[in-house]
There are 2 protein chains.
Amino acid sequence: MNEKLHEIKKMLQEDGYKLTPQREATVRILLEKDKEHLSAEDIYMLVKDKAPDIGLATVYRTLELLSELRIVHKLNFGDGVARYEITSDDEGHHHHHIVCLECGKLEEFEDDLLEEIEKRIESTKNFQIVDHRLSFFGYCKDCKDKPKSERPKMKIE
Amino acid sequence: MNEKLHEIKKMLQEDGYKLTPQREATVRILLEKDKEHLSAEDIYMLVKDKAPDIGLATVYRTLELLSELRIVHKLNFGDGVARYEITSDDEGHHHHHIVCLECGKLEEFEDDLLEEIEKRIESTKNFQIVDHRLSFFGYCKDCKDKPKSERPKMKIE
DNA sequence: CTTATTGCAAAAGTTTTGCACTATA
DNA sequence: TATAGTGCAAAACTTTTGCAATAAG
């Protein structure tokens, strides 16, 4: 069992949850596809290869549990499906999302500027921050100047 | 007819669309509630007061049209409902969310620091940003020291 | 053993669509 | 008058839930 998986198992157990084969298979997929933004359906399909008897509801329940424990981030890019990605280990290296509202193209960028804002909030509001989420929405270079008729249809990878 | 509405009428007509009474009623609501994040259902209810015969499908179609024309922003907070707000003229009026994971309390705060990041993205990536979402998650001063097991489910918005 | 977890199917909830009718430019 | 737009109901989706059966610790 790989190291990260073992760590997740411990996180689950600390909160009284079991690492069932279904949960393990789901986590394995998430670890494997750690740079992708998979929908529940995507994950379900991938997990099914390894554990054919798993149900979609279980995938949803697992993803919700992992979200609660902040083992995964639940993301929303506005196309009507939630997407999930495993939470990265390295603190202070948050990546943010830049989403094109037209074609759905997604870019990422790293920035530590938020740390500064966080510190300010923590001191002025006496609020202990454990996570943040930042997304920018707009129009990418391919879409922003195109006449509307030529714009590609939105499709998120 | 107020100025902004007239401007929107012109934007519609330039693209060959008509400003029907239903669309006008919808736009009026959006202009009126310009600081709120209304779901299609919310808007439907509000529009119904003024135009009782309007159908929900028409509201959806209108909102999609206005989104395409970039007259409204379609937003997603991750709670399974799309929200809409009229595209604001005045830049620099963004508010961010601070969500307590324990009690679900939501605070807002204004900050212009993101403008700086936005400008950098706009120039380095040639990406026209129209909106952003920034949320911080953590524990408010009242909940900071409560046991983890009692945390209620997070509720966005 | 105990009780959390699962699969299934049904339900819930949001958004889209087909179609005949209407009304705008 | 031509055709874009509408209301309604049904369809299409994604996500959640109830429940009896199962299995993890």
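Throughout, protein chains are lettered first and strands after them, A, B, ... in sequence-line order, and every chain is numbered starting at 1.
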- Message: Could you check whether Glu108(A) and His37(A), counting side-chain N and O atoms only, form a donor-acceptor pair closer than 3.5 Å?
- Response: yes

- d(CG, Leu66(B); P, dT15(C)) in whole Å: 15 Å

- Message: Using OP1 and OP2 only, check whether a side-chain N or O of Thr20(A) sits under 4.0 Å from dA23(D).
- Response: no

- Query: Reckon Arg23(B) touches a base, only the sugar-phosphate, or nothing at all at heavy-atom distances under 4.0 Å?
  - Reply: sugar-phosphate

- How many Å lie between CG on Leu69(B) and P on dA4(D), as a whole number? 15 Å

- Message: Need to verify one output field. Residue with the more 5' nearest nucleotide on DNA chain C, Gln13(B) or Lys74(B)?
- Response: Lys74(B)

- Query: With a 4.0 Å cut-off on heavy atoms, is Gln22(B) in touch with a base, just the backbone sugar-phosphate, or nothing at all?
  - Reply: sugar-phosphate

- Query: Is NZ or CZ of Arg120(A) both nearer than 6.0 Å to the six-membered ring centre of Phe109(B) and within 45° of the ring axis?
  - Reply: no

- Residue closer to the 5' end of DNA chain D, Glu41(A) versus Arg61(A) (nearest nucleotide): Glu41(A)

- CG of Leu19(B) versus C1' of dT6(D): gap in Å, rounded? 15 Å

- Atom pair distance, as rounded to whole Å: CD1 in Ile54(B) and P in dC8(D): 11 Å

- Query: Should Thr58(B) be listed as having a side-chain N or O under 4.0 Å from OP1 or OP2 of dG5(D)?
  - Reply: no

- Begin with the C-alpha distance, continue with both residues' side-chain angles, and end with the deciding distance and a verdict on salt bridge (Lys or Arg N to Asp or Glu O under 4.0 Å) for Glu41(B) and Arg83(B). CA-CA 9 Å; Glu41(B) 189 74 31; Arg83(B) 287 161 196 282; over 6 Å; no

- Query: Checking Arg23(A) side chain against Lys18(A) main chain: does a donor-acceptor pair fall under 3.5 Å?
  - Reply: yes

- Message: Does dT15(D) have OP1 or OP2 under 4.0 Å away from a side-chain N or O of Tyr60(A)?
- Response: yes

